[in-house]
Amino acid sequence: MAAFGAALRASKNIIAVCGAGLSAASGIPTFRGAGGLWRKYDAISLATPEAFAENPSRVWQFYHYRRESALKAEPNAAHYALGLLTQSDSRALLAPACANFKIITQNVDGLSPRAHTKLPSPEQAAASTIEMHGRIHDVICTSCEKTTFDASSPICPALAGTEAIVATGHEEAEPQIEEADLPRCKEPGCDGLLRPGVVWFGERPHRLAEIDEYVERADLCLVVGTSSTVYPAASYAEEVKSHGGRVAVFNLDRSQGDGDADFLFLGPCEETLPRALG
Ligand code: BV8
Ligand code: ZN
């Protein structure tokens with residue numbers, strides 16, 4: 001632990017690459033393991049443009065279920081520990097380690113920006129946190145392509161209550177919601193079908209050029225609660241290592257690529273991270 005503390009204080013450009021394990025303690029299911037199934041579908045198979053084109057009713061029920069659970073969730077101690085590193089007052093403690101601290105999260109639940117309690121504005125939170133896979137409460141119109149933040153619960157009457165439908169062995173038990181009754185664009189004269197404002201597999205993640213700059217400059221990479229199986233996020237720690245930076249992995253279990261880590265904190269990150277950063 002002392003060696004990690006010394007590495008933390010000696011660093012000038014720290015990044016944290018985060019995944020679903022960061023929000024597990026907030027009650028948000030992870031993608032792998034038990035959390036990875038929704039009804040009888042593998043979550044990954046529903047996070048694609050093809051799945052949405054084929055069955056928008058099913059994909060919207062999947063995202064409605066996750067929207068509702070994200071609305072009920074609160075940031076946990078791990079979110080707040082990372083949030084601390086983005087705030088100027090704590091930077092005095094670790095200056096200049098935190099001057100350029102950036103959170104690069106794969107999570108779409110919006111919990112990291114909410115954990116920066118003392119940052120003066122949402123813009124400041126956005127500047128220190130990159131939600132590279134989008135936000136579960138954003139919606140994008142498939143006609144006019146307008147992106148809107150919409151946290152209404154439910155986002156449309158037809159989805160109300162579908163979050164309670166559990167895995168069934170029978171297709172007929174799954175409601176087939178007409179497209180006209182799915183979330184529609186409110187722009188005057190549009191009424192286009194809305195889609196969840198997240199980055200699906202095969203789609204370009206957000207702010208990649210900005211992320212690449214932070215990765216290139218990083219001298220310490222914290223890898224928090226991710227199986228490191230989804231790219232390009234899974235490649236960042238390796239890139240930091242390749243230019244002489246150091247890597248600290250915080251995970252419940254061993255994870256892909258952690259064999260090259262300089263520091264390995266096994267256990268729930270809501271416990272290990274506050275202790276290590278404290
Ligand atoms: C793209 C949003 C290019 C939707 C998600 C090489 C390079 C580039 C691309 C690829 C490549 N190889 C393959 C690809 C394609 C693909 C990919 O990576 N496929 C994988 C399956 C091999 N990548 C893409 O398609 C990406 N797009 O690269 O586009 C491009 C470029 C230009 C122009 C056009 C295109 C886009 C990927 C984004 C997909 N969207 N999310 C939604 O949320 O529904 S991915 C989604 O799954 C998450 O966002 C996350 O990224 C991923 C799940 O991973 P984790 O977060 O790690 O979660 P997981 O459950 O797996 O693991 C949890 C971990 O936590 C575990 O290790 C567990 O032990 C641990 N844990 C649990 N509890 C705790 C804990 N740890 C600590 N404490 C705890 N309490
Ligand atoms: Zn529209």
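Each ligand, and each atom within it, is numbered from 1 in the order the structure gives.
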- Would you say F31 and ligand 1 have an N/O pair spaced under 3.5 Å apart? yes
- Item | Min heavy-atom dist R66 to ligand 1 below 4.0 Å | yes
- Look up atom CG in L85 and atom CD1 in I103, then write down how far apart they are to the nearest 0.5 Å. 7.5 Å
- Message: Strictly distance-based, threshold 3.5 Å: is any side-chain N or O of D262 a donor or acceptor partner for the main-chain N or O of V247?
- Response: yes
- Message: Suppose I only count heavy atoms of E203 and a 4.0 Å limit; which atoms of ligand 1 are within that range?
- Response: 1 (C), 26 (C), 27 (N), 29 (O), 35 (C), 36 (C)
- Location of contacts on E270 toward ligand 1, heavy atoms closer than 4.0 Å: side chain
- Is the backbone of P175 close enough, under 3.5 Å, to the side chain of Q61 for a donor and an acceptor to pair up by distance? yes
- Note on the structure: Row for the Zn ion (ligand 2): angle SG (C141) to SG (C190), 10° precision, value 100°
- Task: Tell me whether Y65 is reachable from Y63 by hopping between hydrophobic residues (I, L, V, M, F, W, Y) whose side-chain heavy atoms are closer than 4.5 Å.
- Result: yes
- Item | Check: Y231 N/O within less than 3.5 Å of ligand 1 N/O | yes
- Task: For the pair H137 (side chain) and R67 (backbone), establish whether a donor and an acceptor sit closer than 3.5 Å, ignoring hydrogens and angles.
- Result: yes
- Query: Which heavy atom of N76 sits nearest a heavy atom of A25, and at what distance?
  - Reply: ND2-CB, 3.7 Å
- Which of the atoms in ligand 1, numbered in the order shown and given with their element, are less than 4.0 Å from a heavy-atom of V198? 4 (C)
- Query: Taking distance alone, with no angle check, do A25 and ligand 1 share an N/O pair under 3.5 Å?
  - Reply: no
- Query: Looking only at N/O atoms, are F250 and ligand 1 under 3.5 Å apart anywhere?
  - Reply: no
- Roughly how far apart are S153 OG and H64 NE2, rounded to 0.5 Å? 6.5 Å
- Message: Please report the interatomic distance CD1(I44) to CZ(F201), rounded to the nearest 0.5 Å.
- Response: 3.5 Å
- Task: Could you list which atoms of ligand 1 come closer than 4.0 Å to a heavy atom of T226?
- Result: 55 (P), 57 (O), 64 (C), 65 (O), 67 (O)
- E178 atom CD: more than 12 heavy-atom contacts under 6.0 Å: no
- Message: Less than 4.0 Å is my threshold; does some heavy atom of P232 fall inside it relative to ligand 1?
- Response: yes
- List every atom of ligand 1 that sits less than 4.0 Å from any heavy atom of Y63, numbering the atoms from 1 in the order shown and giving each element. 4 (C), 42 (C), 44 (O)
- Item | Under 3.5 Å: donor-acceptor pair, side chain of N13, backbone of D219 | no
- Give yes if a backbone or side-chain nitrogen or oxygen of A24 is under 3.5 Å from a nitrogen or oxygen of ligand 1, and no if not. no
- Item | SG (C144) - the Zn ion (ligand 2) - SG (C185) angle, nearest 10° | 110°
- Query: Distance-only, no hydrogens or angles: does the S26 side chain make a donor-acceptor pair with backbone N or O of I28 under 3.5 Å?
  - Reply: no
- Note on the structure: Atoms of ligand 1 under 4.0 Å from any heavy atom of V199, numbered from 1 in the order shown, are 2 (C), 4 (C), 5 (C), 38 (C), 39 (C), 40 (N), 41 (N)
- Task: Using atom types as modelled and distance alone, determine if a side-chain donor or acceptor of N107 lies under 3.5 Å from a backbone N or O of G19.
- Result: yes
- Message: Polar contacts were defined as any N/O atom of the residue lying under 3.5 Å from an N/O atom of the ligand; does this apply to L252 and ligand 1?
- Response: yes
- Item | Backbone or side-chain N or O of A20 under 3.5 Å from ligand 1 N or O | yes
- For ligand 1, which atoms, with element, lie under 4.0 Å from some heavy atom of G225? 63 (C), 64 (C), 65 (O), 76 (N)
- Task: With heavy atoms only and a cut-off of under 4.0 Å, state how V230 meets ligand 1: side chain, backbone, both or neither.
- Result: both
- What atoms in ligand 1 come closer than 4.0 Å to a heavy atom of T229? 20 (C), 22 (C)
- Query: Going by the order shown, which atoms of ligand 1 are within less than 4.0 Å of some heavy atom of D253?
  - Reply: 69 (O)
- Determine, using heavy atoms of G202 and all atoms of ligand 1, whether some pair is separated by less than 4.0 Å. yes
- Would you indicate whether E203, at its atom CD, is surrounded by more than 12 heavy atoms from other residues, nucleotides or ligands within a distance under 6.0 Å? yes
- Query: Do the charged groups of D109 and R66 touch, with an N to O distance under 4.0 Å?
  - Reply: no
- Item | Nitrogen or oxygen of N107 less than 3.5 angstrom from that of ligand 1 | no
- Between R275 and F265, is a side chain to side chain contact (heavy atoms under 4.5 Å, CB included) present by the stated rule, with each step listed? CA-CA 10 Å; R275 230 183 357 249; F265 296 90; over 6 Å; no
- Task: Check whether any N or O atom of W200, backbone or side chain, sits under 3.5 Å from an N or O atom of ligand 1, and answer yes or no.
- Result: no
- Query: Does any N or O atom in H133 lie less than 3.5 angstrom from one in ligand 1, N or O only?
  - Reply: yes
